[in-house]
Visitor: 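Below is the structure I would like to discuss, written out as structure tokens.
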Amino acid sequence: MADLITRRAEGLYCEAGDFYIDPWRPVARAVITHAHADHCREGHGAYLAQRDAEGLMRSRVGPDMAFQGLAYGEPLQLGEVTVSLHPAGHVLGSAQVRVVHRGEVWVVSGDYFVSGAGDANTTCSPFEPVRCDVFITEATFALPIYRWAPQTEVLGEMRAWWADCAAQGKHALLMGYSLGKAQRLVAGLATADAPGPVLVHAAVERLNAAYRAAGIALPEVESVTPETNFKALRGALVIAPPAVQDSRWAKALGPHSDAFASGWMRLRGARRRRSVDRGFVFSDHADWPGLLSAIAATGAQRVIVTHGDEGALVRYLSELGLQAEAFATEYGDETHGVEAAR
């Protein structure tokens, strides 16, 4: 039997349903796992995604996109296959794509985050493993060195750093990807016991609005404008995309310490290259144990690995007796399409 999903020049293709999943070139019909710019691109004829992702996708692709939304678990017949979308735990509306054809089940994970006990991402639906014959998994952090501490612990470290900045009469500039990461930071840090006020870059606020419109109860925070008087604020935390680092926008904050929140901060070299005062290991992707647990939970005997440390994961899974291989894709990380600093 021919493979249900194959790699073409445009992206991952399902011939039996005549659609692509997260294609990187324009196609007639695209099934989109989530709204990050390396997975949701402009130029497709029609877009199918989880319904909560609509506002985010329209903010990225344009208001006139031809969008069809599905609830999680809702089946849809496309050609000869049945498609359904299942929570990935990555960002609002992120989904794994389940494709069924003549009793064979394939699942394309997109990007996903596996929560630890009592440590869920409150800004989107948590990851749910989906049983399948073939699992196509991301591998962004597919090395044993990548192991995340509980996010509540890391948020506590961020809060302590922020309080120390305030005690020194400085603001705290915390940089993270504007879609997904920034909303988790707002939810976790803009609390009643915060050391000071929380403000966000305008690019973050636009996406916060899409989260709230989808029913996510994010705390209300102020957006930075040209009129914001940072001299009148004491110990503010400013959440912004990475592109603001060392920009005129950042210099307008006045005295401040800067930090970057990312899984890449697990590597000391990455922290040096970022040239930030602090690096916090805080990710929206599965770590090494998360990847292995997610793969095991699918029951898949064949695993196809994409975008990341494919080789290490393929070798490890092969040693476990699974049929493992890699697909080369054009997915990157969320720095693709990050808004420029203003």
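What you see below is based on every heavy atom in this structure, not just the backbone, and it leaves out hydrogens, waters and symmetry mates.
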Visitor: Within the 3.5 Å criterion, strictly below it, is a donor on T82 or Q77 matched to an acceptor on the partner's side chain?
Guide: yes
Visitor: Please list, chain by chain and in numerical order, all residues satisfying side chain to side chain contact (heavy atoms under 4.5 Å, CB included) with A142, sequence neighbours excluded.
Guide: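 Residues passing side chain to side chain contact (heavy atoms under 4.5 Å, CB included) with A142: A139, W288, L291, D309, L313.
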Visitor: If the condition is ring pair (Phe, Tyr, Trp, His ring centres under 6.0 Å), which residues does F230 pass it with, not counting sequence neighbours?
Guide: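 Ring pair (Phe, Tyr, Trp, His ring centres under 6.0 Å) list for F230, sorted by chain: H171.
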Visitor: Is the centre of the W148 ring less than 6.0 Å from the centre of the F282 ring?
Guide: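 No; F282 has its ring centre 6.0 Å or more from that of W148.
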Visitor: Residues two or more places apart in sequence or in another chain: which of them pass side chain to side chain donor-acceptor pair (under 3.5 Å) with T137?
Guide: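 With neighbours one apart ignored, the set is Y112.
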Visitor: Evaluate side-chain contact (heavy atoms from CB on, under 4.5 Å) for H34 paired with V91, printing each intermediate quantity in order.
Guide: CA-CA 7 Å; H34 65 286; V91 299; 4.0 Å; yes
Visitor: Would you indicate whether the side-chain heavy atoms of I295 and Y316 approach each other to under 4.5 Å?
Guide: no
Visitor: Is any side-chain heavy atom of M158 closer than 4.5 Å to a side-chain heavy atom of R278?
Guide: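 Heavy-atom side-chain distance check fails, nothing below 4.5 Å.
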Visitor: Starting from Y47, walk the hydrophobic network (Ile, Leu, Val, Met, Phe, Trp, Tyr; side-chain heavy atoms closer than 4.5 Å) and list everyone else you reach, by chain and number.
Guide: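 Its cluster mates, by chain and number, are I32, M57, V61, M65, F67.
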Visitor: Atom CG in L4, atom CG in L12: separation rounded to 0.5 Å?
Guide: 11.5 Å
Visitor: Give the minimum heavy-atom separation between A187 and T123, together with the two atoms involved.
Guide: CB-CG2, 3.9 Å
Visitor: Check ring pair (Phe, Tyr, Trp, His ring centres under 6.0 Å) between H307 and all other residues, then give those that pass, not counting sequence neighbours.
Guide: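 H307 satisfies ring pair (Phe, Tyr, Trp, His ring centres under 6.0 Å) with H39, Y331 once adjacent residues are dropped.
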Visitor: Could I get the full list of salt bridge (Lys or Arg N to Asp or Glu O under 4.0 Å) partners for E54, not counting sequence neighbours?
Guide: R58
Visitor: Return the NZ to CG distance between K181 and N121, rounded to the nearest 0.5 Å.
Guide: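 Output value for this atom pair is 10.5 Å.
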Visitor: Determine the sole option in L85, V97, T33 for which the side-chain contact (heavy atoms from CB on, under 4.5 Å) test with Q50 is passed.
Guide: L85
Visitor: Whether the R184 and Q151 side chains hold a donor-acceptor pair (N or O, under 3.5 Å, no angle test) is what I'd like checked.
Guide: yes
Visitor: Go through the steps to decide whether V108 and V99 satisfy the test side-chain contact (heavy atoms from CB on, under 4.5 Å), and finish with yes or no.
Guide: CA-CA 8 Å; V108 180; V99 184; 5.7 Å; no
Visitor: With E128, which residues qualify under side chain to side chain donor-acceptor pair (under 3.5 Å), at least two apart?
Guide: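 Side chain to side chain donor-acceptor pair (under 3.5 Å) list for E128, sorted by chain: empty.
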Visitor: Which residues pass the salt bridge (Lys or Arg N to Asp or Glu O under 4.0 Å) test with E325, sequence neighbours left out?
Guide: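 Expected list: R302.
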Visitor: Is the number of heavy atoms from other residues, nucleotides or ligands within 6.0 Å of CD (E15) greater than 12?
Guide: no
Visitor: Indicate yes or no: at least one non-hydrogen side-chain atom of L173 is less than 4.5 angstrom from one of W249.
Guide: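 Yes, at least one pair of side-chain atoms sits under 4.5 Å.
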Visitor: Taking C-beta and beyond as the side chain, do D22 and T329 meet within less than 4.5 Å on heavy atoms?
Guide: no
Visitor: Roughly how far apart are Q183 CD and L185 CG, rounded to 0.5 Å?
Guide: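 Taking CD in Q183 and CG in L185, the distance rounds to 8.5 Å.
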Visitor: Determine the minimum heavy-atom distance between R60 and S178, stating which atoms define it.
Guide: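 Here R60 and S178 meet closest at NH2-OG, 3.6 Å.
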Visitor: To which residues is V27 joined in a hydrophobic cluster, defined by side-chain heavy-atom contacts under 4.5 Å among Ile, Leu, Val, Met, Phe, Trp and Tyr, whether direct or through other members?
Guide: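 Other cluster members: Y13, Y20.
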Visitor: Could you check whether any side-chain heavy atom of E222 comes within less than 4.5 Å of a side-chain heavy atom of T228, counting everything from C-beta outward?
Guide: yes
Visitor: Within the structure provided, determine whether F260 and P242 are in side-chain contact (heavy-atom separation under 4.5 Å).
Guide: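 In short, these two side chains touch, coming nearer than 4.5 Å.
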Visitor: With E220, which residues qualify under salt bridge (Lys or Arg N to Asp or Glu O under 4.0 Å), at least two apart?
Guide: R212
Visitor: How close do Y211 and L92 get, counting heavy atoms only, and between which atoms?
Guide: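 Nearest heavy atoms, Y211 then L92: OH-N, 3.2 Å.
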Visitor: Using the test side chain to side chain contact (heavy atoms under 4.5 Å, CB included), find all partners of T298 that sit at least two apart in sequence or belong to another chain.
Guide: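 Only C132, F135, A300 meet the side chain to side chain contact (heavy atoms under 4.5 Å, CB included) criterion with T298.
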Visitor: Does any donor atom in the side chain of D133 or Q301 lie under 3.5 Å from an acceptor atom in the other side chain?
Guide: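 Absent: no donor and acceptor within the cut-off.
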Visitor: Excluding sequence neighbours, so at least two apart, what forms side chain to side chain donor-acceptor pair (under 3.5 Å) with D64?
Guide: none
